[in-house]
Colleague: 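Provided herewith is a single structure, encoded as structure tokens, for subsequent inquiry.
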Amino acid sequence: MQTSFPVALSAQLAMEKRLETIANNIANSRTAGFRAEEVKFEQLISRTAGEPVSFASEGETYLSTRSGELTLTGNPLDLAASGEGYFAFQGPNGPVYTRDGRMRINADGGLETMNGYAVLDVGGAPLQINPNAGPIGVARDGMITQNGQQIGAVGLFAMPAGAQLTRFENSGVIPDRAAVPVVDFQNAGMVQGFVEGSNVNPVMEISRLIALQRAFDSAANLVQGSERSLDEAVKSLGSMS
């Protein structure tokens, strides 16, 4: 039984998925708070042939949680999370978490994301700011002060260990289990006047793209060689008959 064809095909399917993630990462390399998508592959072994044959799995995607680079903006409504914390906003179906800390105040005084979602405090309630009461200050623990008075606190949340993250729009994530409010601000917190960029390394992604193209060409050559070998075998059998 010829096994090179299905092995090469499984490799091409795996590389197609990797190509999709690389393309999406490169496209969002300048998106604030974006989390790069990675792929985890496994080896599948078939024992139906005379000898065990290894195939590549299609691959399972996951989001990288490493931090992106911080950029100073000086805007008091820009916040960056330090450590592994996430900000929260009210999505269409519940809380969504993000590292994109760019915020604004709407006409009703609500603190919201740049896409118009309400920013939440640690208890999951929307935050209100008086747009006419002067500039605001935000402490490391998220406490908001205006005119020397505390008016609320921006929530910071940690993802449970082993939580699976699903992407929401570009920079949001939704965990498969409830996020936990951060209460210890020694190793986590927020910094006012900064924005965290994407955690994509464009140079590394381009290098991966080049290596992937070479691997895809090798797999394609293997498929073509397998097809030629099969054609020659059919012709030989035909001439013998």
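Because the structure is predicted, anything quoted here is derived from the model rather than measured.
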Colleague: Above 12 or not: heavy atoms from other molecules or residues under 6.0 Å from CE of Met204?
Modeller: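 Count not over threshold, so no.
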
Colleague: Would you indicate whether the side-chain heavy atoms of Glu37 and Asn24 approach each other to under 4.5 Å?
Modeller: yes

Colleague: Between CG of Asp78 and OG1 of Thr73, what distance do you get to the nearest 0.5 Å?
Modeller: 3.5 Å

Colleague: Can a donor-acceptor pair be found, under 3.5 Å and without considering hydrogens, that links the side chain of Gln192 to the backbone of Arg140?
Modeller: no

Colleague: Is it the case that the side chain of Asn28 and the backbone of Thr31 share a donor-acceptor pair, with hydrogens and angles ignored and the cut-off at 3.5 Å?
Modeller: no

Colleague: Under the 3.5 angstrom rule, does the side chain of Arg177 hit a backbone N or O of Ala161 as a donor-acceptor pair?
Modeller: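 Pair found, side chain donor or acceptor close to backbone of Ala161.
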
Colleague: Just so I know, are the side chains of Val154 and Asp121 near enough to count as touching, which here means a heavy-atom distance under 4.5 Å?
Modeller: no

Colleague: Side chains of Met103 and Thr113, heavy atoms from C-beta outward: is any pair under 4.5 Å?
Modeller: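 SC-SC contact between Met103 and Thr113 ruled out.
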
Colleague: Locate the shortest heavy-atom distance separating Val122 from Pro181; write the atom from each residue and the value.
Modeller: CG2-CB, 3.4 Å

Colleague: Identify whether Met190 and Leu127 are in the same connected component of the hydrophobic contact network (ILVMFWY, side-chain heavy atoms under 4.5 Å).
Modeller: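 Yes, same cluster.
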
Colleague: Has Glu169 got more than 12 heavy atoms of other residues, nucleotides or ligands less than 6.0 Å from its CD?
Modeller: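 Yes, enclosed.
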
Colleague: Is there a donor-acceptor pair closer than 3.5 Å between any side-chain N or O of Arg35 and the backbone N or O of Val173?
Modeller: no

Colleague: Indicate yes or no for a side-chain donor-acceptor contact from Gln146 to the backbone of Gly134 under 3.5 Å, with no hydrogens or angles considered.
Modeller: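 Answer holds: yes.
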
Colleague: Would Leu63 and Arg167 count as a side-chain contact (heavy atoms from CB on, under 4.5 Å) if you check the C-alpha gap in whole Å, the side-chain angles of each, and the deciding distance to 0.1 Å?
Modeller: CA-CA 8 Å; Leu63 299 183; Arg167 196 185 299 282; 3.1 Å; yes

Colleague: To the nearest 0.5 Å, what is the distance between CG (Leu79) and CZ (Phe194)?
Modeller: 11.5 Å

Colleague: Would a hydrophobic clustering, with Ile, Leu, Val, Met, Phe, Trp and Tyr connected at side-chain separations under 4.5 Å, put Ile136 with Val195?
Modeller: no

Colleague: Determine the sole option in Leu111, Ile129, Val138, Val119 for which the side chain to side chain contact (heavy atoms under 4.5 Å, CB included) test with Leu77 is passed.
Modeller: Leu111

Colleague: For the pair Glu196 (side chain) and Gly68 (backbone), establish whether a donor and an acceptor sit closer than 3.5 Å, ignoring hydrogens and angles.
Modeller: yes

Colleague: Quick one: does Arg104's side chain have a donor or acceptor within less than 3.5 Å of a partner on Met114's backbone?
Modeller: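 Such a contact is found between Arg104 side chain and Met114 backbone.
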
Colleague: At their closest point, which heavy atom of Leu72 faces which heavy atom of Gly193, and how far apart are they?
Modeller: CD1-O, 3.4 Å

Colleague: Donor-acceptor check, side chain of Ser64 to backbone of Ala36, threshold 3.5 angstrom: yes or no?
Modeller: no

Colleague: In Å and rounded to the nearest 0.5 Å, what is the CD1 to CD distance from Ile105 to Gln128?
Modeller: 9.5 Å

Colleague: Would you check if Leu165 and Tyr97 make a side-chain contact, meaning some heavy-atom pair closer than 4.5 Å?
Modeller: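 Answer no - side chains too far apart.
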
Colleague: What is the minimum heavy-atom distance between Pro160 and Ala179, and which atoms define it?
Modeller: CD-CA, 4.1 Å

Colleague: Mark yes or no for whether Thr98, through its side chain, and Ser171, through its backbone, hold a donor-acceptor pair below 3.5 Å.
Modeller: yes

Colleague: Could you pull out the closest heavy-atom pair between Ala81 and Leu156, with the gap in Å?
Modeller: CB-CD1, 4.0 Å

Colleague: Rounded to the nearest 0.5 Å, what separates atom CD1 in Ile174 from atom CG in Asp176?
Modeller: 11.0 Å

Colleague: Between Glu84 and Arg66, is a salt bridge (Lys or Arg N to Asp or Glu O under 4.0 Å) present by the stated rule, with each step listed?
Modeller: CA-CA 8 Å; Glu84 298 183 355; Arg66 64 180 179 272; over 6 Å; no

Colleague: Might you point out which heavy atoms bring Gly110 and Asn106 nearest each other, and give the distance in Å?
Modeller: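 Smallest interatomic distance, heavy atoms only, reads N-OD1, 2.7 Å.
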
Colleague: I'd like to check the ring pair (Phe, Tyr, Trp, His ring centres under 6.0 Å) partners of Tyr117; sequence neighbours left out, ordered by chain and number.
Modeller: Phe89, Phe168

Colleague: Output yes when Glu112 and Arg102 qualify as a salt bridge under the 4.0 Å nitrogen-oxygen rule, no when they do not.
Modeller: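 Arg102 and Glu112: not salt-bridged.
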
Colleague: Sub-3.5 Å donor-acceptor pair from the side chain of Arg99 to the main-chain atoms of Gly85, do we have one?
Modeller: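 Checked: pair present.
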
Colleague: Quick one: CG on Asp141 to CZ on Phe185, what's the gap to the nearest 0.5 Å?
Modeller: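 The CG atom of Asp141 sits 5.0 Å away from the CZ atom of Phe185.
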
Colleague: Under the criterion ring-ring contact (aromatic ring centres under 6.0 Å, His included), I'd like the reasoning laid out for Tyr86 against Phe157: C-alpha separation, chi angles, the key distance, then a yes or no.
Modeller: CA-CA 5 Å; Tyr86 285 77; Phe157 300 83; 9.7 Å; no

Colleague: Does the side chain of Thr65 reach to within under 4.5 Å of the side chain of Met159, using non-hydrogen atoms?
Modeller: no

Colleague: With a 4.5 Å cut-off on side-chain heavy-atom distances among I, L, V, M, F, W and Y, is there a chain of contacts connecting Ile206 to Leu19?
Modeller: yes

Colleague: I need the Gln149 CD to Ile151 CD1 distance, nearest 0.5 Å.
Modeller: 9.0 Å

Colleague: Could you tell me whether the side chain of Val200 reaches within less than 4.5 Å of the side chain of Glu205, counting heavy atoms only?
Modeller: yes

Colleague: Return the minimal non-hydrogen interatomic distance between Ser198 and Ser29, and the atom names on each side.
Modeller: CB-O, 3.4 Å

Colleague: Between Arg208 and Glu38, does any side-chain N to carboxylate O distance fall below 4.0 Å?
Modeller: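 Here Arg208 pairs with Glu38 in a salt bridge, since their nearest N and O are under 4.0 Å apart.
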
Colleague: Please determine whether residues Ile26 and Ile210 belong to a single hydrophobic cluster, defined as Ile, Leu, Val, Met, Phe, Trp and Tyr linked transitively by side-chain heavy-atom distances below 4.5 Å.
Modeller: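 Yes, same cluster.
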
